[in-house]
Amino acid sequence: MDYKQQVADVLAPALPELAMADILAKIEQPKTSKQGDLAFPTFALAKIMHRAPQMIAGDVVEKIDQTNFEKVVAMGPYVNFFFKKADFSADILAQIMMDGAHFGDAKLGNAGQVPIDMSSPNIAKPISMGHLRSTVIGNSLANILSKIDYKPVKINHLGDWGTQFGKLITAYKMWGSEAEVKADPINNLLKYYVRFHKEDVDHPEMDDEARDWFKKLENGDEEALALWKWFRSESLKAFQKIYQRLDIQFDSFNGEAFYNDKMAEIVDILESKNLLHESQGAEVVDLSKYDLNPALIKKSDGATLYITRDLAAAVYRKRTYDFVQSLYVVGNEQTNHFKQLKAVLTEMGFDWADEIHHIPFGLITSNGKKLSTRSGRVILLDKVLDDAVTLAHQQIDQKNPDLANKDAVADAVGIGAVVFHDLKNERMNSFDFNLEEVVRFEGETGPYVQYAHARAESILRKAGSPKLTAANQQLSDPAAWDTLKLLSEFPATIVRASEAYEPSIIAKYAIHLAKAFNKYYGNTKILVEDDDLNARLALVQSVSIVLKEALRLLGVKAPDEM
RNA sequence: GUCGCGGUAGCUCAACUGGAUAGAGCAUCCGCCUUCUAAGCGGAGGGUUGUGAGUUCAAGUCUCACUCGCGACACCA
């Protein structure tokens, strides 16, 4: 039921000087339910009618048909509408009971495909907290889009090509061993790489050798290629372990190397359209009309660059998926790159360039400084997840020692805390890494939401997991009101999150709902035999369903007990 | 220097398209487990929303200037 429209319908006859659209646009949601459920400010009318807004509000209330509302009152310059709680609760609870986890589904995407470029770690380097953001934001957006009928395609654009592989092969040949790499691929490959950068300061000839090896790799040299493939597959195995912990699956691992043979066509197109110009020995596309620096397509030595590869990837994705949108969940510091990318595609005549969206996010720093693999200043994601799970275990031992499935719950809670922490704030916010804060279990955290869900489940178990009927779901208890209203806002919240590409909107919603429910739980005895029992249980069930679904959209599990 | 992002309570952050007394969490202090999981609930203190103008009936939100922090500025990705 559209309550906003209902309010507008009764307002319209009392306000002949305003069009329906204007009335609808002005209706707003008060900050607290003391001020009602919807409100209409009369300031705009004051000007037209040359009267004080307070008086207008009073008059409007007199003229209005109040039969469909609990009450309509003038509070200062506002007309405040209070819904009939019993009817409202019956509506929303029946809806959620009926839809279950599908509550909030919408047919907005028309099954259009949406590739999402996300995670994209570099081969032979560990996954750090920095990668977590791209990974969990991308995953959550995929879940959100999927819920409103888009078809997301999660693409892990691996950093599996580039001059660093020349360095890595050089370093491996000097200090590495097969046994070491097999034992612990990421750490040992990283060790070689870091050592290379330490020693090449004094031994510049190492750089020449690295260049040679990369050249060999590009020319298909057997030894170089074999090493590269091996490094790649060992790294991927290690990555998959982390993705499993996060419960994230990808649809494609086509990384940079995948586009090696697809860039020539891009250069051809650019040439045929006369877009390529020589500048200081390099080939560039002039973008001055977009107020951007020229895009460097080919280096002076003829080698291609990052943007050339991304152009090839963009074209490939359009052809392969015929996408309706193409998303890139990549750090804020690459904003310019994506502006250039879109500009070049536009110059090439691809009107679908408009459907490419860079989804930027803020930087994670450590002690205020940018993370850097080379300098060894990394925060390993695996380590953070381990710490979080260990802490979760301790909490369980302390608070619920008899719990079954301790390990699974500790995983869900510990990892959920880390993921939720990364998603709960606007993605553009930067933050300095702080372990205690990331794995916090109290206050506005993932575990707080999980806890509310587990409490709801616990009540339902105690009630004997009843089959709730759609009847008798009128709940007029004011203590339940905030929870009921929040439940009703879930579908609109999903749409808002999808439009802003902002998982934090869902996370904040989950916190609000959990908070409202915890408050209700703390002040109201639910399991008492009276006329409202069925309605209260329906409320508890609905909260459980919606909390679990909100967490799922974020990529966080909701254990039934914890 | 140019462009981008940000500056809200001691700390971390909210505030949907401009609206009512700027809200939470953490930390500090005080209450609540013989009642459905205390990972919880209730209460207290804590603010010139970076500064200064402007637009508006109304500005944390829009405009301009200034300021501080971070980032990007063609041969890395």
Side-chain angles (χ1 to χ4, degrees), chain A residues 25-26 28-32 35 39 41-44 46-47 52-53 75-78 80 120 122 157 159 161-164 256 279-284 291-301 303-307 309-310 330-337 339-340 360 362-363 365 368 370 392 395-396 398-400 403 413 417 421 424-426 428-432 434 436-437 440-445 447-452 454-463 489 492-493 496 500 504-505 508 511-512 514-515 518-528 540 561-562:
Chain A
K26 282 284 170 198
E28 61 187 76
Q29 202 168 7
K31 283 193 177 119
T32 75
Q35 295 166 326
T42 57
F43 303 106
K47 215 166 189 184
M75 297 172 88
Y78 288 85
N80 295 52
S120 312
N122 294 316
H157 190 77
W161 200 254
T163 49
Q164 73 268 24
E256 292 170 15
S279 169
Q280 297 171 36
E283 303 268 338
V284 306
D291 231 1
L292 291 169
N293 284 329
L296 246 184
I297 302 297
K298 267 184 168 180
K299 299 205 275 190
S300 38
D301 67 1
T304 55
L305 279 133
Y306 177 36
I307 195 160
R309 208 171 285 274
D310 266 6
V330 179
N332 167 35
E333 66 275 12
Q334 291 194 37
T335 297
N336 266 320
H337 166 73
K339 280 186 185 162
Q340 289 185 320
L363 212 58
T365 53
K370 198 175 172 179
Q395 294 279 313
I396 292 167
Q398 199 184 318
K399 301 180 187 222
N400 198 355
L403 181 67
V413 172
H421 175 268
K424 82 170 175 186
N425 291 136
E426 262 175 73
M428 279 304 289
N429 290 1
S430 294
F431 71 89
D432 200 65
N434 176 325
E436 290 97 80
E437 213 164 281
R440 185 157 272 163
F441 296 154
E442 291 163 0
E444 297 174 338
T445 64
Y448 176 88
V449 179
Q450 290 173 320
Y451 185 63
R455 281 176 137 185
E457 281 300 312
S458 174
I459 290 179
L460 295 169
R461 272 196 308 276
K462 283 249 157 69
E489 287 165 23
T493 304
R496 203 148 53 83
S504 70
I505 291 176
K508 275 171 204 135
I511 288 174
H512 288 143
K515 198 176 283 188
N518 272 333
K519 186 172 183 169
Y520 176 67
Y521 178 100
N523 297 312
T524 308
K525 178 83 179 157
I526 292 160
L527 292 178
V528 284
V540 172
E561 287 181 76
M562 62 187 274

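Note that this is a predicted model, so its numbers are computed, not measured. The basis for the numbers below is simple: all heavy atoms, side chains too, and nothing from hydrogens, waters or symmetry mates. Numbered from 1 within each chain, the chains take letters A, B, ... in sequence-line order.
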Options B:rC36, B:rA20, B:rA14, nucleotide nearest the side-chain atoms of A:Glu28: B:rA20

Side chain to side chain, A:Phe431 and A:His421, heavy atoms closer than 4.5 Å: yes

Nucleotide B:rA38, atom C1' - distance to CZ of A:Arg455 in whole Å: 7 Å

Close side-chain approach of A:Gln340 to A:Asn293, heavy-atom, < 4.5 Å: yes

Enclosure of A:Asp301 CG (heavy-atom neighbours >12, cutoff 6.0 Å): yes

Residue mapping more 5' on RNA chain B - nearest nucleotide basis, A:His157 or A:Tyr520: A:Tyr520

Within-4.5 Å side-chain heavy-atom neighbours: A:Pro77 and A:Thr42: yes

Distance-only donor-acceptor check, side chains A:Thr365 and A:Asp432, under 3.5 Å: yes

Base orientation of B:rC33, syn vs anti, 90° cut from 0: syn

Rounded distance in Å - CD (A:Gln450) to P (B:rU37): 17 Å

Separation of atom CG in A:Asp291 from atom P in B:rA72, rounded to whole Å: 20 Å

Contact state string [nucleotides 27-34 of chain B, B base, S sugar-phosphate only, - no protein heavy atom under 4.0 Å]: --------

Nucleotides 54-62 of chain B: protein proximity per nucleotide (B base, S sugar-phosphate only, - neither; heavy atom, under 4.0 Å): --SB-----

A:Lys424, NZ atom: more than 12 neighbouring heavy atoms under 6.0 Å: yes

Listed nucleotide nearest any side-chain atom of A:Glu437, set B:rA72, B:rU37, B:rU12: B:rU12

Pairwise 5' ranking along RNA chain B for A:Gln164 and A:Lys519, keeping only the more 5' one: A:Lys519

Test: A:Glu444 and A:Lys515 ion pair at under 4.0 Å: yes

Value in whole Å for how far the C1' atom of B:rA39 lies from CD of A:Glu561: 15 Å

Geometric class of the A:Tyr306/A:His337 ring pair [parallel <30°, tilted 30-60°, perpendicular >60°]: parallel

pair A:Lys462-A:Leu527: side-chain heavy atoms closer than 4.5 Å: yes

Watson-Crick and G-U pairing of RNA chain B written in dot-bracket, each distance under 3.5 angstrom, with | for inter-strand partners: (((((((..((((.....[...)))).(((((.......))))).....(((((..]....))))))))))))....

Gap between atoms NZ and C1', on A:Lys31 and B:rA24 respectively (whole Å): 14 Å

Length of the CD1-C1' vector between A:Ile307 and B:rA72, whole Å: 14 Å

Sugar-phosphate, base or nothing in reach of A:Ala46, heavy atoms under 4.0 Å: nothing

Nucleotide nearest A:Lys462 when distance is taken to its side chain, options B:rC36, B:rA77, B:rC16: B:rC36

Side chain of A:Arg461 - closest among B:rU37, B:rA77, B:rG71: B:rU37

Rounded interatomic separation in angstrom, taking CG from A:Asn336 and P from B:rU2: 16 Å

Between B:rA14 (P) and A:Arg496 (CZ): distance, integer Å: 13 Å

Side chain of A:Asn518 (C-beta onward), nearest among B:rA14, B:rA39, B:rG40: B:rG40

Heavy-atom side-chain proximity of A:Gln29 to A:Glu489 below 4.5 angstrom: yes

